[in-house]
Structures are given as structure tokens and as C-alpha cells.
Amino acid sequence: MTLFFGCQTKEMILYRSELEILKADGTLKDIFLALSREPNIKKTYVQDLIIREGDNIAKQILEENGHVYVCGDCTMAEDVYQTLKRIVQEKGKMNDTEIESYMFSLRDDNRYHEDIFGITHRTSEVVDNVRKTALFRIESNYALSQSNVPSTVAS
């Protein structure tokens, strides 16, 4: 199991001792930490680490039936989703229709999980962006489902 997580500074790391135990006993193979406000360290977000580790992530998702768990605010969750989608599309050599279908299948197969919170800052901007993306996903999924329905002939 691989863990990607982020916080502003090292002092904000929750469950540090538990994570060290999970790493030591082999439950967690790798831990990747993104720090966005740590002094003297380049600002890094979870999606930056996901891009860097794209080959490994694609292998876990595409070949090893890996699961994805995303927990955070809605902006971060959408950024992570889009980043994973691009990686899987590229590594899986999928066109736009195939990747949309594949990402929906991850959710349908209970392999993509989200615990999203935090629509408090920039509420209208965030809500508008999330709604646009959600509507696009719904419309894409509907179009995909309609293309798989055989036409009927009236008698």
C-alpha cells in the first residue's frame, strides 16, 4: 500500500507514530509527503507527487487492481482526480471516451473512494467548478450508457 498525503508543515502531520509503525511493519510500502508551506522547502502538493510517481501509480491501478482513497477539500480532490485521470489515460493509452468510462468503472467497482470536505472558502468559485465538472461527468456517463443501448424497432 502506498500513501500520499499533504499538509502545510511537518508539525501538522497527524498520526506520525502510527505511520512510522505501518511503514516499519510493511503495511505501507511507501509514504509520500507533500508540504505546501514548510519554510525553506519548495511548495509541493499531493498531485505533484502523484505526477512524479505516475508509472508506479498507473501500474497499481491498471495492473494490480489498486484502490484509490482521496480525503480532503473539494478543490484538492478534483485536482487529484484530474491528475490520476491524465496519468491513467497516458499510461493505459486510452482515448478521451475510454478514460471517462474507465474512471467511472473505478467508482462503480468501489476502487475509487472520496471523503470530501471544506466548501467554506471561495464558496461560489469552488461550487461552480465542482458543479461544472460533475455535470460533465454525468453527461459523459449518460452519453456512454446511451451508446451501448441497442436501438429498438417499433412493430
- Item | pair Leu33-Ile13: side-chain heavy atoms closer than 4.5 Å | yes

- In Å and rounded to the nearest 0.5 Å, what is the OG1 to CG distance from Thr27 to Leu22? 5.0 Å

- Item | Centroid-centroid under 6.0 Å between Tyr112 and Tyr69 rings | no

- Message: Are Val68 and Phe104 linked, directly or through intermediate hydrophobic residues, by side-chain heavy-atom contacts shorter than 4.5 Å (ILVMFWY only)?
- Response: no

- Gln89 and Asn95: side chain donor to acceptor below 3.5 Å: no

- Query: In terms of side-chain geometry, is the basic nitrogen of Arg107 or Glu114 positioned less than 4.0 Å from the acidic oxygen of its partner?
  - Reply: yes

- Message: Is there a path of hydrophobic side-chain contacts, each under 4.5 Å between heavy atoms of I/L/V/M/F/W/Y residues, joining Tyr81 to Phe4?
- Response: yes

- Message: Tell me whether Lys23 at atom NZ has more than 12 heavy atoms from other residues, nucleotides or ligands lying less than 6.0 Å away.
- Response: yes

- Message: A side-chain contact here means heavy atoms from C-beta on lying under 4.5 Å apart; do Arg86 and Gln82 qualify?
- Response: yes

- Could you go through the salt bridge (charged side-chain N to carboxylate O under 4.0 Å, His left out) check for Glu100 and Lys85 one step at a time? CA-CA 8 Å; Glu100 288 299 327; Lys85 185 172 126 181; 2.4 Å; yes

- Smallest separation among heavy atoms of Ile87 and Ala58, with atom names: CG2-CB, 4.1 Å

- Report the distance from atom CG of Asn56 to atom CD1 of Ile61, rounding to the nearest 0.5 Å. 10.0 Å

- Message: Could you go through Asp73 and Ile116, starting from their C-alpha distance and side-chain angles, then the distance that decides it, and tell me whether this counts as side-chain contact (heavy atoms from CB on, under 4.5 Å)?
- Response: CA-CA 5 Å; Asp73 76 19; Ile116 301 173; 5.9 Å; no

- Query: Any salt bridge between Glu38 and Lys43, counting N to O under 4.0 Å?
  - Reply: no

- Indicate if Leu3 and Leu84 have the same hydrophobic cluster label, given that clusters are the connected sets of ILVMFWY residues with side-chain heavy-atom separations under 4.5 angstrom. no

- Message: Could you walk me through whether Ile41 and Lys10 satisfy the side-chain contact (heavy atoms from CB on, under 4.5 Å) test, starting with their C-alpha distance in whole Å, then the side-chain angles of each, then the deciding distance to 0.1 Å, before giving a yes or no?
- Response: CA-CA 11 Å; Ile41 293 180; Lys10 289 179 184 175; 4.3 Å; yes

- Note on the structure: The reported gap from CG in Leu106 to CG in Leu62 (rounded to nearest 0.5 angstrom) is 8.5 Å

- When rounded to the nearest 0.5 angstrom, what distance separates CZ in Arg16 from CD1 in Ile21? 13.0 Å

- Flag yes if Tyr102 and Val80 sit in one hydrophobic cluster, no otherwise; membership is Ile, Leu, Val, Met, Phe, Trp, Tyr, and two members link when side-chain heavy atoms are under 4.5 Å apart. yes

- Which is it for Thr2 and Asp30 under the side-chain contact (heavy atoms from CB on, under 4.5 Å) test, yes or no, and what are the steps along the way? CA-CA 5 Å; Thr2 303; Asp30 293 302; 4.0 Å; yes

- Could you pull out the closest heavy-atom pair between Met76 and Cys71, with the gap in Å? CE-O, 3.2 Å

- List the atom of Phe5, the atom of Val46, and the distance in Å for their closest heavy-atom pair. C-CG2, 3.6 Å

- Query: Quick one: NE2 on His67 to CG on Asp109, what's the gap to the nearest 0.5 Å?
  - Reply: 9.0 Å

- Look up atom NZ in Lys59 and atom NZ in Lys91, then write down how far apart they are to the nearest 0.5 Å. 13.0 Å

- Under a 4.5 Å side-chain heavy-atom rule over Ile, Leu, Val, Met, Phe, Trp and Tyr, are Val88 and Val70 clustered together? yes

- Item | Where Leu19 and Leu14 come nearest, the two heavy atoms and their spacing | CD1-O, 3.9 Å

